[in-house]
Amino acid sequence: MSIEFEKFHGTGNDFVVVDADEYVPDRGAFAREVCDRRDGVRLTDGGAADGGATTAPTDSVGADGALFLALEPKFSPPRAVMTLVQPDGSTAAMCGNGARCAAKWAAERTGADTVMLDTQAGTRRAEISDDEVTIEMGAPSFAPGDVPLAPDREQPLVEETVEGVEVTAVNTGVPHAVAFVEDVDEVDLDAVAPAVRHADAFPEGANVTFASRRSEAGDGDTVAFDQRTYERGVEGETSACGTGAVAIAAVARRAGEIDGDASVGVFPPGGRLGVTFRGERASLTGPAEREFTGEISSTPEPRRVSEA
Ligand SMILES: N[C@H](CCC[C@H](N)C(=O)O)C(=O)O
């Protein structure tokens, strides 16, 4: 049994997108398999033909996650239920770049330029233009129960040292530990981030995001930051992370470093993301592109519990 997929990326954060109507009995096993950068997604013959492929990789390309999308086209605007299953088989409640890809996917199928996405972090409205998607990201929360922090914790975790790194904890749909440093490129992410990601302070783990302020902003931004994020579930650095970009802006805002209505440019290795706020609610803007389509020839069947 083969499964059709479309490969998208949002600022280099890349996803295998699968219509929820496809028969995938074990999504965790599927994601583990297709996201593998050594043995994961391959194009089958003809896979590029119907997708207007811009690239046709012959080798495995892997992905940062598998997005399962259940389209409900009868609503106006159309809706889609989004589930992100990560390379380790876990699900994440929200993904800013994945949501922008999901919105683009739904827009291509329906012709709509506004799409409502139902995520585990809430319903998010997305506006799609030719090359960019803007998505509502809700109000970032520093509340201990929302991040979440350890159950006995009553105060937000702000500028505290966790495993040797000074971080502030915020939930922007998923938990992030944000550290401001002089130069993100000087950080040995694989050396320092895993301990923070697994720290007792974060009972459900955390994505670990480093940021440094650029001396000058461009592109109409009031302020700009460089970003590098080590992601839970990927267990490594990704080329971009949308919830992380919002987390940087939210922490800088809380610290009084930027004005409430600032237009914030965030630069992960994969490009530029824009973050703005209306009141406490954030929006995220950036490119979302379909790269190619393909088929995966088989999907792992669910394992019996005794084999797991
Ligand atoms: N890359 C995503 C975030 C995924 C978060 C996930 N790694 C987790 O919380 O476990 C983004 O663009 O926002």
Side-chain angles (χ1 to χ4, degrees), residues 8-17 27-28 31-32 35 62-69 82-105 117 119-122 124 126 132-138 140-141 146-149 167 169-178 189 193-194 196-199 202-211 225 227-251 264 266-275 282-289:
F8 276 77
H9 82 90
T11 333
N13 203 186
D14 60 342
F15 305 94
V16 169
V17 179
R27 289 179 166 184
R32 280 194 292 273
C35 294
D64 295 325
L67 284 172
F68 291 92
L69 302 178
M82 170 181 120
T83 307
L84 170 64
V85 188
Q86 309 212 73
D88 70 353
S90 65
T91 53
M94 180 54 183
C95 176
N97 292 328
R100 291 186 305 96
C101 293
K104 181 89 171 184
W105 177 92
L117 288 177
T119 78
Q120 290 167 22
R124 305 284 182 246
E132 290 204 316
V133 177
T134 297
I135 181 142
E136 289 178 344
M137 295 290 286
S141 176
D146 289 344
V147 174
L149 301 174
V167 296
V170 61
N171 186 304
T172 52
V174 291
H176 280 267
V178 180
L189 210 57
V196 181
R197 178 257 179 267
H198 289 286
F202 308 114
E204 294 179 16
N207 301 284
V208 184
T209 292
F210 283 84
F225 295 93
Q227 171 187 13
R228 288 179 66 200
T229 295
Y230 181 99
E231 286 197 39
R232 178 182 72 167
V234 177
E235 306 309 332
E237 183 173 9
T238 48
S239 294
C241 179
T243 50
V246 175
I248 291 168
V251 172
V264 185
V266 182
F267 293 83
R272 176 189 175 275
L273 293 163
V275 181
S283 289
L284 174 75
T285 300
E289 280 176 47

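First listed ligand is number 1; within each ligand, the first listed atom is number 1. If you read the sequence from its start, that first residue is 1, and numbering goes on from there.
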Checklist line | By salt bridge (charged side-chain N to carboxylate O under 4.0 Å, His left out) - contacts of R197 (at least two apart) | finding: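 Applying salt bridge (charged side-chain N to carboxylate O under 4.0 Å, His left out) to R197 gives E235.
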Can you pull every nitrogen or oxygen pair between ligand 1 and the protein closer than 3.5 angstrom?
from	atom 1	to	atom 2	distance (Å)
ligand 1	1 (N)	N13	OD1	2.9
ligand 1	1 (N)	E231	OE1	3.1
ligand 1	1 (N)	E231	OE2	2.9
ligand 1	7 (N)	Q86	OE1	2.9
ligand 1	7 (N)	N207	OD1	3.1
ligand 1	7 (N)	E231	OE1	2.9
ligand 1	7 (N)	R232	O	2.7
ligand 1	9 (O)	N207	ND2	2.8
ligand 1	9 (O)	R232	NE	3.4
ligand 1	9 (O)	R232	NH2	3.0
ligand 1	10 (O)	Q86	NE2	2.7
ligand 1	10 (O)	R232	O	3.3
ligand 1	10 (O)	R232	NE	2.8
ligand 1	10 (O)	R232	NH2	3.4
ligand 1	12 (O)	N13	OD1	3.2
ligand 1	12 (O)	G96	N	3.4
ligand 1	12 (O)	N97	N	3.0
ligand 1	12 (O)	N97	ND2	3.3
ligand 1	12 (O)	G242	N	2.7
ligand 1	13 (O)	G96	N	2.7
ligand 1	13 (O)	G242	N	3.3
ligand 1	13 (O)	T243	N	2.7
ligand 1	13 (O)	T243	OG1	2.7

Next item on the list: Verify whether one side chain among S90 and D88 offers a donor that lies under 3.5 Å from an acceptor in the other.
Entry: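 Yes, side-chain donor-acceptor contact under 3.5 Å.
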Notebook entry, point to check: Strictly by modelled atom types, are E132 and T134 linked by a side-chain donor-acceptor pair under 3.5 Å?
Noted result: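 Not at all, the side chains of E132 and T134 share no donor-acceptor pair under 3.5 Å.
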Check: So, are K104 and E289 salt-bridged, with charged N and O less than 4.0 Å apart?
Finding: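 Here K104 does not pair with E289 in a salt bridge, since their nearest N and O are not under 4.0 Å apart.
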Next item on the list: May I ask you to decide if A126's main-chain N or O and E136's side chain share a donor-acceptor pair within less than 3.5 Å?
Entry: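 Side chain of E136 to backbone of A126: no pair is present.
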Next item on the list: Identify which one of P87, C241, C95 satisfies the side-chain contact (heavy atoms from CB on, under 4.5 Å) criterion when paired with E231.
Entry: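 Per the side-chain contact (heavy atoms from CB on, under 4.5 Å) rule, the option paired with E231 is C241, out of P87, C241, C95.
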